[in-house]
Amino acid sequence: LAEGLTADLERDLGTAAAAAPGRAVLRRLLIGLYVGLVRPLVDAARHGDAETATTARAALVRHRARALKPLLDALSEPDPTLQRAGLDLLGALGNPNATAALLALAERTAAPDGGAASSEFRRRAMRAAAMLADPRATPRFIGLLRSDDGVVAALAAWTLGRIDTPAARAALVATLRDANARWELRAAAALGLGRDRAPGTVVLLRQIALCDPQRTAPQGCPGPLAPGLQGAALAALGPHLDAAAMPAVRAALARNDVWIRLGALTALGRATRARDAAAQEAVRWTFHGDGGWSQGTPRVREAAMGAL
């Protein structure tokens with residue numbers, strides 16, 4: 001009964017709003033209806049048990065087309081609460097046709113007063129577009145690598161890694177090679193290249209991940225290497241690790257830096273070519289290494305257990 005009433009209300013409100021586009025109250029009622037319909041489904045898909053999540057995802061697919069316009073309309077509403085709801089739900093809804101509007105928000109330049117609201121909405125829009133990862137928007141995602149907002153740029157890099165086309169991979173490689181780029185952006189590019197099996201990409205990841213500036217002459221390392229960048233490159237390198245790389249991974253684990261240790265342990269957990277050697281290395285460091293489990297942070301311990 002409730003589902004039938006909701007369907008009737010959805011139909012009647014949609015018809016009324018379409019017949020009177022200037023009636024803001026009808027438009028906002030329709031937006032509120034779809035926010036109320038979609039948000040519980042998104043929560044169930046993310047946090048429900050397997051059966052609940054499957055049912056919720058199927059319901060989201062049914063709403064994917066009808067909910068698009070009302071949620072896009074929410075982005076132009078003066079009420080920030082409705083704007084936030086639209087941005088948060090459009091990505092989860094999974095309709096790639098929302099990408100253009102979301103990227104238009106993410107591409108805005110910073111507000112003259114540098115207000116937090118401007119950055120907040122740009123980042124929310126970028127997160128939603130990143131969840132959709134529409135390959136048709138690859139050139140725009142590449143352009144956003146140069147965003148003046150570091151979070152937006154990093155999300156663009158992560159999205160290009162999900163798109164995983166030749167153009168997307170080439171942009172990520174160029175970003176990773178750029179020694180003048182922010183290390184956070186280079187780290188996001190490294191993680192985005194984790195599935196790229198091109199020999200040149202693997203060599204570049206290895207150079208960044210396994211270089212120890214304290215043991216290697218500066219000219220032997222590819223530019224300045226922040227620990228966070230090296231940790232990301234190590235994590236991305238995981239599927240490409242072989243037994244010959246284990247001494248270098250062991251040296252990385254010995255470095256007293258949480259980012260590098262996290263990256264090294266993540267790499268061991270993702271290793272496929274040298275699974276036995278990686279597991280042995282994880283066991284050695286976790287239970288017998290210098291410091292190891294006893295001195296690791298909770299995040300490092302969690303990564304160690306994931307590597308076993």
Side-chain angles (χ1 to χ4, degrees), residues 127 130 150-151 153-162 172-173 175-177 179 181-196 201-216 221-308:
R127 288 190 190 99
V151 174
L155 284 168
W158 180 73
T159 309
L160 290 169
R162 294 187 66 207
L172 291 177
V173 169
T175 300
L176 184 56
R177 290 186 183 277
R182 293 182 293 261
W183 76 260
E184 296 92 343
L185 178 57
R186 296 177 72 194
L191 291 172
L193 289 166
R195 288 182 292 180
D196 188 357
T201 301
V202 175
V203 168
L204 178 60
L205 287 171
R206 187 184 294 267
Q207 288 174 341
I208 293 173
L210 303 181
C211 181
D212 185 349
Q214 296 180 347
R215 298 185 180 185
T216 307
C221 293
L225 299 178
L229 169 58
Q230 284 200 273
L234 274 163
L237 191 62
H240 310 293
L241 284 179
D242 53 26
M246 291 305 157
V249 175
R250 184 177 304 164
L253 287 169
R255 293 171 63 183
N256 190 23
D257 184 276
V258 65
W259 291 110
I260 291 177
R261 283 181 171 175
L262 278 172
L265 289 166
T266 302
L268 292 175
R270 299 182 66 209
T272 54
R273 295 177 59 189
R275 180 63 255 170
D276 291 343
Q280 291 172 12
E281 193 60 42
V283 169
R284 187 205 65 78
W285 184 84
T286 303
F287 298 111
H288 306 292
D290 182 16
W293 185 268
S294 62
Q295 296 184 20
T297 66
R299 291 180 67 186
V300 169
R301 292 179 182 179
E302 183 179 353
M305 293 304 297
L308 295 176

[X] to [Y] - nearest heavy-atom pair and separation:
X	Y	answer
Ala236	Leu191	CB-CA, 4.2 Å
Ala187	Gly228	CB-O, 4.1 Å
Thr266	Leu262	OG1-O, 2.7 Å
Cys211	Gln207	CB-O, 3.1 Å
Thr159	Leu155	OG1-O, 2.7 Å
Pro227	Trp259	O-CB, 3.7 Å

Item checked: Leu234 vs Leu210 side-chain heavy atoms within contact, under 4.5 Å ->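 Leu234 vs Leu210: side chains touch.
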Note to self: Any heavy-atom pair between the side chains of Leu253 and Leu268 that's under 4.5 Å?
What the structure shows: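 They are in side-chain contact.
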Just verifying a value: how many Å separate [X] [atom1] and [Y] [atom2], rounded to the nearest 0.5 Å?
X	Y	atom1	atom2	answer
Leu229	Arg182	CG	CZ	13.5 Å
Leu172	Leu160	CG	CG	5.0 Å
Ile260	Leu265	CD1	CG	12.0 Å
Leu204	Leu176	CG	CG	4.5 Å

Counting distance only, does the side-chain N/O of [X] pair as donor-acceptor with the main-chain N or O of [Y] below 3.5 Å?
X	Y	value
Arg270	Leu237	no
Gln230	Ile208	yes
Arg162	Ala130	yes

